[in-house]
Amino acid sequence: MSDKKEMTEQEWKEQLSEQEYHVLREKGTEPPHSGKYNAHFEEGKYHCNGCGALLFDSESKFESNCGWPSFDSSVEGAIEYKKDTTFGMIRIEILCSNCGGHIGHIFDDGPTETGKRYCVNSLSINFENQDQ
């Protein structure tokens, strides 16, 4: 997407549920094994729940048993990466490059050829079935 989505925090609060706002705008994390896309493996596309930008394809999703949806790659240009040193850890945060929404974190422990595990909050994404 070429047009970045910019909204005030009040506009985000009006658009998102309290839990979605906490994850996408306040960098929260949903409890493990609670998200609707954790064990979801239909064919289709995963979009940012904040702005609708395409982030992941179902072909990149895999079962990681970590408690959150996991992908081994993202759509080119869809994700921004930011060093995160909260909670005494050094991690890489993943953000929607279109609206800046917090999606989750990326780790170098993936089991596929990419070696990557995009650990994603279900509340930060929406699924679109391949048949739609």
*Asks:* For Asn98 and Ala53, which heavy atoms make the closest approach, and how far apart are they?
*Replies:*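 Nearest heavy atoms, Asn98 then Ala53: CB-CB, 3.9 Å.
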*Asks:* Any idea which heavy atoms bring Ser122 and Tyr37 closest together, and the distance?
*Replies:*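 Heavy atoms of Ser122 and Tyr37 come nearest at OG-N, 3.0 Å.
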*Asks:* Are Tyr21 and Ile125 linked, directly or through other ILVMFWY residues, by side chains that come within less than 4.5 angstrom of each other?
*Replies:*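 In one cluster: yes.
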*Asks:* Quick check on Glu11: does its CD atom have over 12 non-hydrogen neighbours (other residues, nucleotides or ligands) under 6.0 Å away?
*Replies:*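 Counting neighbours around CD of Glu11, more than 12 heavy atoms of other residues, nucleotides or ligands fall under 6.0 Å, so yes.
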*Asks:* Which atom pair, heavy atoms only, marks the closest approach of Tyr81 to Ser74?
*Replies:*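 Minimum heavy-atom separation between Tyr81 and Ser74: OH-OG, 3.9 Å.
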*Asks:* Please give me the minimum heavy-atom distance between Gly77 and Ser97, naming the atom from each residue.
*Replies:*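 Closest approach of Gly77 to Ser97, heavy atoms only: O-OG, 2.6 Å.
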*Asks:* Just how far is it from atom CD1 of Ile79 to atom CD1 of Ile92, taken to the nearest 0.5 Å?
*Replies:*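 Going from the CD1 atom of Ile79 to the CD1 atom of Ile92 covers 13.0 Å.
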*Asks:* For His47, is there any backbone N or O sitting under 3.5 Å from a side-chain donor or acceptor partner on Asn126?
*Replies:*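 Side chain of Asn126 to backbone of His47: no pair is present.
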*Asks:* Taking side chain as C-beta onward, heavy atoms only, is Glu63 less than 4.5 Å from Phe41?
*Replies:*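 Sidechains of Phe41 and Glu63: in contact.
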*Asks:* If you round to the nearest 0.5 Å, how far is OG1 of Thr86 from NZ of Lys27?
*Replies:*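 With rounding to 0.5 Å, NZ (Lys27) is 9.5 Å from OG1 (Thr86).
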*Asks:* Are Ile94 and Val120 side-chain neighbours, meaning at least one heavy-atom pair lies under 4.5 Å?
*Replies:*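 Yes; the side chains approach each other to less than 4.5 Å.
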*Asks:* Between Glu30 (side chain) and Leu123 (backbone), is there a donor-acceptor pair under 3.5 Å?
*Replies:*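 Checking the backbone N and O of Leu123 against the side chain of Glu30, a donor-acceptor pair under 3.5 Å is found.
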*Asks:* Between the side chains of Asp108 and Lys116, is the shortest nitrogen-to-carboxylate-oxygen separation below 4.0 Å, so that they form an ion pair?
*Replies:*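 Asp108 and Lys116: salt-bridged.
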*Asks:* Side chains of Leu24 and Ser124: does their closest heavy-atom pair fall under 4.5 Å?
*Replies:*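 In contact.
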*Asks:* Can you name the closest pair of heavy atoms from His105 and His102 and give their distance?
*Replies:*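 In terms of heavy atoms, the two residues are closest at CE1-CE1, 3.7 Å.
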*Asks:* Atom CG in Asn49, atom CG in Leu55: separation rounded to 0.5 Å?
*Replies:*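 If I round to the nearest 0.5 Å, the distance is 10.0 Å.
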*Asks:* First locate atom CZ of Phe56, then atom CZ of Phe127, and finally report the distance between them rounded to the nearest 0.5 Å.
*Replies:*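 Phe56 atom CZ to Phe127 atom CZ measures 14.0 Å (nearest 0.5 Å).
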*Asks:* State, to 0.1 Å, how close Gly50 and Trp12 come at their nearest heavy-atom pair, and which atoms those are.
*Replies:*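 Heavy atoms only, the tightest pair is O-CZ3, 3.5 Å.
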*Asks:* Which other residues end up in the same hydrophobic cluster as Met89, if Ile, Leu, Val, Met, Phe, Trp and Tyr are linked when side-chain heavy atoms come under 4.5 Å apart?
*Replies:*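 Under the 4.5 Å side-chain rule, Met89 groups with Phe87.
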*Asks:* Salt bridge or not for Lys45 and Asp57, using N-O below 4.0 Å?
*Replies:*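 A salt bridge links Lys45 with Asp57.
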*Asks:* State, with a plain yes or no, whether a side-chain heavy atom of Phe71 is found less than 4.5 Å away from one of Ile103.
*Replies:*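 Heavy-atom side-chain distance check fails, nothing below 4.5 Å.
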*Asks:* Could you check whether any side-chain N or O of Lys61 sits under 3.5 Å from a backbone N or O of Tyr46, counting only pairs where one atom can act as donor and the other as acceptor?
*Replies:*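 Judged by distance alone, no pair lies under 3.5 Å.
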*Asks:* Taking Ser60's backbone N and O only, do any of them form a donor-acceptor pair with Ser73's side chain (distance below 3.5 Å, no angle check)?
*Replies:*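 Side chain of Ser73 to backbone of Ser60: no pair is present.
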*Asks:* Do the side chain of Ser70 and the main chain of Arg117 share a donor and acceptor less than 3.5 angstrom apart?
*Replies:*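 Flag not set: sc Ser70 to bb Arg117 has no pair under 3.5 Å.
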*Asks:* Using only atom types and a distance under 3.5 Å, with no angle test, would you say the side chain of Glu43 pairs donor to acceptor with the backbone of Ser58?
*Replies:*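 Not at all, since once roles are kept as given, no pair shorter than 3.5 Å links the two residues.
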*Asks:* So with a 6.0 Å cut-off around CD of Glu18, is the heavy-atom count from everything else above 12?
*Replies:*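 No, not enclosed.
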*Asks:* Just verifying a value: how many Å separate Met7 CE and Arg25 CZ, rounded to the nearest 0.5 Å?
*Replies:*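 Met7 CE to Arg25 CZ: 8.0 Å, rounded to 0.5 Å.
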